[in-house]
Amino acid sequence: MSYIEWAESQLAEVELLTSMFPGPDELELTDQLALADLRNYVEKSVSGDKPPPSRPQFFIKQRLDSSGMNGTEFILSCAYPSEYPSVLPDITIRCSALSRAQQTEIQTDLNKYLTGHCLGELCVLAAVDWVKENLEHFIKKSSLAAPAPKVESASPASQEVFSRLWIYSHHIYNKSKRKNILEWSKELGLSGFSMPGKPGIVCVEGPQSACEEFWSRVKVLTWKKIMIRHREDVTLNRPGEDNERLESMDSLRKFTGFEEAMFDPHGSRGNHMDLGQLYQFLNEKGCCDVFQIYFGIEGR
């Protein structure tokens, strides 16, 4: 398929969704300008023209009507890559009735279902139907899962771990993913930064459990390629146990808070960053050695 054909399919699906979910409490288009750009591209472009860089994004809000669910609400956050439907859209499930573990599990299962049954086809409605059919099962699993009992260790060697994850992605363009990265890092008390564009870089630091939770959420989103390129783990003594303790969680942080960092975006789509500026940024934070790990060359 060509970009024009992909765009035509996307526009047709948005129009179908608008007719099926007419209320603002059912379908919310978060970027009307992107939709206008897509429509203009379909109506006026000629074969070979590149699609607009802005991508349509929207939320679909639905409730479960089955007995016992009490109208439990879920939200699908959707965004179209340029090549959709030849590739899957970016779809994230949100439901307050799910535990974190079940949130991750249902997201993984939905991605597997769409990959196996819908790749190459318009699939947002199929995703909505699948969630409606399967969400109750995951909610019940969440409610039945008993919290693990807290066991007081008799050993003074019980320790906490500080981690810093350096994540590499082929690219980070999608506004929804960028928003998730910012919101999840804040929610989990992590510091660091994310650099959108091509390639995409994310660094998170803080308690190991929070870093692992962040990674478990991020990795199940739809990516062309994503991996932990490098990680740093430092074991700390428990507070108050050792008068000679030299390090604390906050003393090991190299970043204050979490930010999205842009370094002179350039290129035809404004999606490439100035790597020289990235190196200087890392150098100021005392992390310049990571530049060579990412790119295989020494910065300057």
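Residues: numbered from 1 along the sequence shown.
The shortest side-chain heavy-atom distance between Q107 and T92 falls under the 4.5 Å cut-off. A heavy-atom distance below 4.5 Å is not found between the side chains of L165 and V202.
Remark: side-chain polar atoms of E5 are paired, donor with acceptor, to backbone N or O of S2 under 3.5 angstrom. Side chain of Q10 to main chain of Y84: a donor-acceptor pair is present (N/O by atom type, distance under 3.5 Å, no hydrogens or angles). A distance-only check finds no donor-acceptor pair linking the side chain of D31 to the backbone of S54 [under 3.5 Å].
In terms of heavy atoms, P85 sits closest to S9 at CD-CB, 4.0 Å. Smallest separation of non-hydrogen atoms from I181 and S185: O-OG, 3.0 Å. The nearest pair of heavy atoms linking R217 to L188 is NH2-CD2, 4.0 Å. When all heavy atoms are compared, the tightest approach of P56 to A34 is N-CB, 3.9 Å. Heavy-atom minimum distance, S194 versus F258: N-CZ, 3.8 Å. Closest approach of I106 and L98 over heavy atoms only: CG2-CD1, 3.9 Å.
In this model, no donor atom of one side chain and acceptor atom of the other lie less than 3.5 Å apart for E213 and W184. Donor-acceptor pairing under 3.5 Å is recorded for the side chains of W6 and S86.
Centroid-to-centroid, the aromatic rings of F193 and F281 come within less than 6.0 Å. A centroid separation of 6.0 Å or more is found between the aromatic rings of Y294 and Y279.
For the side chain to side chain donor-acceptor pair (under 3.5 Å) test, no residue two or more places apart in sequence or in another chain qualifies with K254.
Stacking of R229 on the aromatic ring of Y168 is recorded, both the 6.0 Å distance cut-off and the 45° axial limit being met.
The CZ atom of F74 sits 11.0 Å away from atom CZ of R63, with the distance rounded to the nearest 0.5 Å. Atom CG of L252 and atom OG of S248 lie 6.5 Å apart (nearest 0.5 Å). The CG atom of L11 sits 8.5 Å away from atom CD of E8, with the distance rounded to the nearest 0.5 Å. The structure places CG of L64 at 11.0 Å from CD of E133, a figure rounded to the nearest 0.5 Å.
Listed by first then second residue, pairs satisfying salt bridge (Lys or Arg N to Asp or Glu O under 4.0 Å) with a partner in residues 203-212 read R164-E205, E212-R231, not counting sequence neighbours. Residue pairs meeting the salt bridge (Lys or Arg N to Asp or Glu O under 4.0 Å) criterion with at least one member in residues 95-119, sequence neighbours excluded, are R100-E187, E105-K141.
Results of the side chain to side chain donor-acceptor pair (under 3.5 Å) test with D90 over K177, R55, Q57 single out K177 as the only residue that passes.
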Given L236 and V161, is the side-chain contact (heavy atoms from CB on, under 4.5 Å) satisfied, shown in steps? CA-CA 6 Å; L236 305 175; V161 179; over 6 Å; no
Would you sort out whether L119 and L114 count as a side-chain contact (heavy atoms from CB on, under 4.5 Å), showing the intermediate values? CA-CA 6 Å; L119 192 60; L114 295 178; over 6 Å; no
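The existence of a salt bridge linking E73 and K61 is excluded, since no basic side-chain nitrogen approaches an acidic carboxylate oxygen closer than 4.0 Å. The pair D129-K132 fails the salt-bridge criterion, with no side-chain N (NZ, NE, NH1 or NH2) lying under 4.0 Å from an Asp/Glu carboxylate O.
The number of heavy atoms from other shown groups lying within 6.0 Å of NZ (K175) does not exceed 12.
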